[in-house]
Novice: 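Sending over a structure as structure tokens; questions will come in a sec.
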Amino acid sequence: QVQLVESGGGSVQAGGSLTLSCRASGYTHTNPCRAWFRQAPGKEREGVAGFYLPSNRTYYSSSVKGRFGISHDNAKNVLYLHMNGLKPEDTATYYCAVGSGQAREYCYHRSDKTYLGLGTQVTVSS
């Protein structure tokens, strides 16, 4: 099992910045991929950023590329999402994920489970 706990969400004005954190524990060593998803009210969950740890390869959705950055502290097993230039449309609940897939697939693998945390709320006001 894998346990994920996100933190760092909050309210910010448009143009501001936030950094989300996700602390992972459990059998994460068999899941080399990390990712961030988000879900806004009334919308489907969407992948935001992926990070494949063995190759340090990252992937970003077109909606956040150039504004968000994903990083991982291997010693602490903590995943980060650095969000800059926030827009009202970035308002959502953000979830971190651990899985065995590739970064461009946001860690999804058809044969393995992708673990998600409970999420942290980000609200961007105009």
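Because the structure is predicted, anything quoted here is derived from the model rather than measured.
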Novice: What disulfide bond (SG atoms under 2.5 Å apart) pairs are there with at least one residue in residues 58-88, not counting sequence neighbours?
Specialist: none
Novice: Output the distance between atom CG (N77) and atom NE2 (H29), rounded to the nearest 0.5 Å.
Specialist: 11.0 Å
Novice: Where do L86 and M83 come nearest, in terms of heavy atoms and distance?
Specialist: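 The pair with the smallest heavy-atom distance is CD2-CB, 3.8 Å.
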Novice: The criterion is side chain to side chain contact (heavy atoms under 4.5 Å, CB included); which residues satisfy it with S7, sequence neighbours excluded?
Specialist: S21
Novice: Which pair of heavy atoms, one from L4 and one from Y115, lies closest together, and at what distance?
Specialist: CD1-O, 3.4 Å
Novice: Enumerate the side chain to side chain donor-acceptor pair (under 3.5 Å) contacts for residues 87-98, please, sequence neighbours excluded, ordered by first and then second residue.
Specialist: R38-D90, R38-Y94, R67-D90, T93-Q121
Novice: Could you check L20 against F68 for side chain to side chain contact (heavy atoms under 4.5 Å, CB included), going step by step and ending with a plain yes or no?
Specialist: CA-CA 11 Å; L20 305 182; F68 290 13; over 6 Å; no
Novice: May I ask you to decide if R34's main-chain N or O and Y52's side chain share a donor-acceptor pair within less than 3.5 Å?
Specialist: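 Here the side-chain-to-backbone pair does not exist.
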Novice: Taking it one step at a time, do T123 and V12 satisfy side chain to side chain contact (heavy atoms under 4.5 Å, CB included)?
Specialist: CA-CA 6 Å; T123 302; V12 64; over 6 Å; no
Novice: Would you mind listing every salt bridge (charged side-chain N to carboxylate O under 4.0 Å, His left out) that reaches into residues 49-60, with sequence neighbours excluded?
Specialist: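 Pairs touching residues 49-60 that pass the test: none.
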Novice: Going by the rule side-chain hydrogen bond (donor to acceptor under 3.5 Å, both in side chains), which residues pair with N74 if we only count those two or more places apart in sequence or in a different chain?
Specialist: H72
Novice: Do E6 side-chain atoms and C96 backbone N/O form a donor-acceptor pair below 3.5 Å?
Specialist: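 Pair found, side chain donor or acceptor close to backbone of C96.
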Novice: Remaining members of V5's ILVMFWY cluster at a side-chain heavy-atom cut-off under 4.5 Å?
Specialist: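 Grouped by the 4.5 Å side-chain rule, V5 forms a cluster of one, so the answer is none.
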Novice: Enter the distance from L81:CG to F51:CZ here, rounded to the nearest 0.5 Å.
Specialist: 12.0 Å
Novice: Search all heavy atoms of A40 against all heavy atoms of A92 and return the closest pair with its distance.
Specialist: N-CB, 3.8 Å
Novice: Any side-chain donor paired with an acceptor under 3.5 Å for S100 and N31?
Specialist: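 No donor-acceptor contact under 3.5 Å links the two side chains.
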Novice: Do the side chains of V48 and L53 join up, straight or via other hydrophobic residues, at under 4.5 Å, putting them in one cluster?
Specialist: yes
Novice: P41: which residues meet the side chain to side chain contact (heavy atoms under 4.5 Å, CB included) condition with it, sequence neighbours left out?
Specialist: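 Side chain to side chain contact (heavy atoms under 4.5 Å, CB included) list for P41, sorted by chain: empty.
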Novice: Heavy atoms only: give me the nearest G85-S17 pair and the separation to one decimal.
Specialist: N-OG, 4.4 Å
Novice: Who passes side chain to side chain contact (heavy atoms under 4.5 Å, CB included) against S71, sequence neighbours left out?
Specialist: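 For S71, the residues satisfying side chain to side chain contact (heavy atoms under 4.5 Å, CB included) (neighbours in sequence not counted) are Y80, H82.
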Novice: How would you list, by chain and number, every residue that makes a side-chain hydrogen bond (donor to acceptor under 3.5 Å, both in side chains) with S25, sequence neighbours excluded?
Specialist: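 Once residues adjacent in sequence are excluded, the partners of S25 under the side-chain hydrogen bond (donor to acceptor under 3.5 Å, both in side chains) criterion are Q3.
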Novice: Which atom names give the shortest non-hydrogen contact between A14 and S126, and what distance separates them?
Specialist: CB-CA, 4.3 Å
Novice: Quick one: does T120's side chain have a donor or acceptor within less than 3.5 Å of a partner on G9's backbone?
Specialist: yes
Novice: Who passes side-chain hydrogen bond (donor to acceptor under 3.5 Å, both in side chains) against S11, sequence neighbours left out?
Specialist: none
Novice: Tell me whether L79 is reachable from V2 by hopping between hydrophobic residues (I, L, V, M, F, W, Y) whose side-chain heavy atoms are closer than 4.5 Å.
Specialist: no
Novice: Quick check: closest heavy atoms across C107 and T114, and the distance to 0.1 Å?
Specialist: O-OG1, 3.6 Å
Novice: Any pair with a residue in residues 109-118 that passes salt bridge (charged side-chain N to carboxylate O under 4.0 Å, His left out), sequence neighbours left out, goes on the list, sorted by first then second residue, please.
Specialist: none
Novice: Can you list everything that forms a ring pair (Phe, Tyr, Trp, His ring centres under 6.0 Å) with Y106? Sequence neighbours excluded, please.
Specialist: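 Applying ring pair (Phe, Tyr, Trp, His ring centres under 6.0 Å) to Y106 gives F37, Y59.
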